[in-house]
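Data first, discussion second: the structure below is written as structure tokens.
All of these numbers come straight from a predicted model, not from anything done at the bench. Throughout, protein chains are lettered first and strands after them, A, B, ... in sequence-line order, and every chain is numbered starting at 1.
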Number of protein chains: 2
Amino acid sequence: MFQALADPTRRLMIERLCDGPASVSELAAPLAMTLSAVVQHLAVLEESGLVRSQKQGRVRTCQVDTQALRAAERWISERRALWEKRFDRLAAYLAENPEEPKEGSET
Amino acid sequence: MFQALADPTRRLMIERLCDGPASVSELAAPLAMTLSAVVQHLAVLEESGLVRSQKQGRVRTCQVDTQALRAAERWISERRALWEKRFDRLAAYLAENPEEPKEGSET
DNA sequence: TGGTTGGTGAAGCATGCACTTAAGTATCGC
DNA sequence: GCGATACTTAAGTGCATGCTTCACCAACCA
């Protein structure tokens with residue numbers, strides 16, 4: 001999932017797809033690479049659940065699926081919230097105890 | 001940035017750091033790999049801006065930086081919102097035009 | 001019907017990445 | 001000062017990834 005978003009080409013493809021559904025060759029047009037390569041990227045995106053596609057005649061039409069995006073968003077925002085809460089507690093603690101005390105909690 | 005989040009070990013490190021700051025060896029302890037490897041992961045995390053660290057004596061202490069997380073979150077949520085808006089419009093359009101019409105807009 | 005378009009699949013290659021080993025440096029405790 | 005600790009750095013290895021080429025099939029259309 002993050003793996004899929006890690007590649008810049010794939011992020012471009014996602015951005016393009018946010019503009020509306022597209023066929024494989026439409027998707028490939030602005031990219032300086034073979035159709036084959038694009039199809040391979042597409043496979044990664046589909047496996048990660050970020051994109052769905054269906055074939056009609058000889059044309060495969062792709063569109064983004066926001067469920068996976070939602071999951072990624074949630075992961076990040078949970079971690080961030082967790083840390084920020086902790087950070088706030090620390091700040092409050094430091095405000096009450098201006099000196100830096102010796103650590104001695106874990107192991 | 002997404003590249004940095006792509007690796008499961010690095011995500012584990014982030015999760016661990018959300019529990020509070022840690023030294024390099026504390027970070028390495030639960031991971032079945034060399035200190036060296038962990039340091040290399042750490043370098044990636046620092047370059048991506050996800051983690052900051054400072055050395056004091058011979059101990060390097062690490063903590064997450066939420067700014068980068070925020071950026072990632074924003075990227076995702078913008079794309080998602082963009083697509084969902086488009087999807088809504090499409091739904092509305094289909095509701096008004098029950099038949100599937102021929103496409104002929106782009107190129 | 002035969003050529004063109006749109007996509008598929010396999011094989012190969014070159015680079016990058018995760019990880020290891022090994023050797024080194026700086027600090028801490030005695 | 002001396003050994004142990006906590007990293008750091010460099011070099012090397014093996015596997016994953018991104019991409020290409022080429023051969024192929026299926027639909028479209030003139």
For atom [atom1] of [X] and atom [atom2] of [N], their distance in whole Å:
| X | N | atom1 | atom2 | result |
| --- | --- | --- | --- | --- |
| B:L31 | C:dT20 | CG | P | 11 Å |
| B:M33 | D:dG14 | CE | C1' | 16 Å |
| A:M13 | D:dC19 | CE | P | 10 Å |
| B:D7 | D:dC15 | CG | C1' | 14 Å |
| A:F2 | C:dC17 | CZ | C1' | 19 Å |
| A:E47 | D:dA16 | CD | P | 14 Å |

Distance, nearest 0.5 Å, that separates [atom1] of [X] from [atom2] of [Y]:
| X | Y | atom1 | atom2 | answer |
| --- | --- | --- | --- | --- |
| A:M13 | A:L31 | CE | CG | 7.0 Å |
| A:I76 | B:L50 | CD1 | CG | 8.5 Å |
| B:Q56 | B:T61 | CD | OG1 | 7.0 Å |

Nucleotide N/O to protein N/O under 3.5 Å, stretch nucleotides 5-12 of chain D:
residue, atom, partner, partner atom, Å
D:dT5, O2, B:R58, NH1, 2.5
D:dA6, O3', B:R58, O, 3.1
D:dC7, OP1, B:R60, N, 2.8
D:dC7, OP2, B:S25, N, 3.1
D:dC7, OP2, B:S25, OG, 2.2
D:dT8, OP1, B:R60, NE, 2.8
D:dT8, OP1, B:R60, NH2, 2.9
D:dT9, O4, B:S36, OG, 2.4

Query raised in the report: Which pairs with one or both residues in residues 31-44 of chain A pass side chain to side chain donor-acceptor pair (under 3.5 Å), sequence neighbours excluded?
Result: A:R10-A:H41
Report task. Compute whether any side-chain donor of one residue and acceptor of the other, for B:S53 and B:E46, lie under 3.5 angstrom apart. Result -> yes
Query raised in the report: Thinking salt bridges, do B:E84 and A:R70 make one under a 4.0 Å N-O criterion?
Result: yes
Query raised in the report: Any side-chain N or O of A:H41 under 4.0 Å from OP1/OP2 of D:dT17?
Result: no
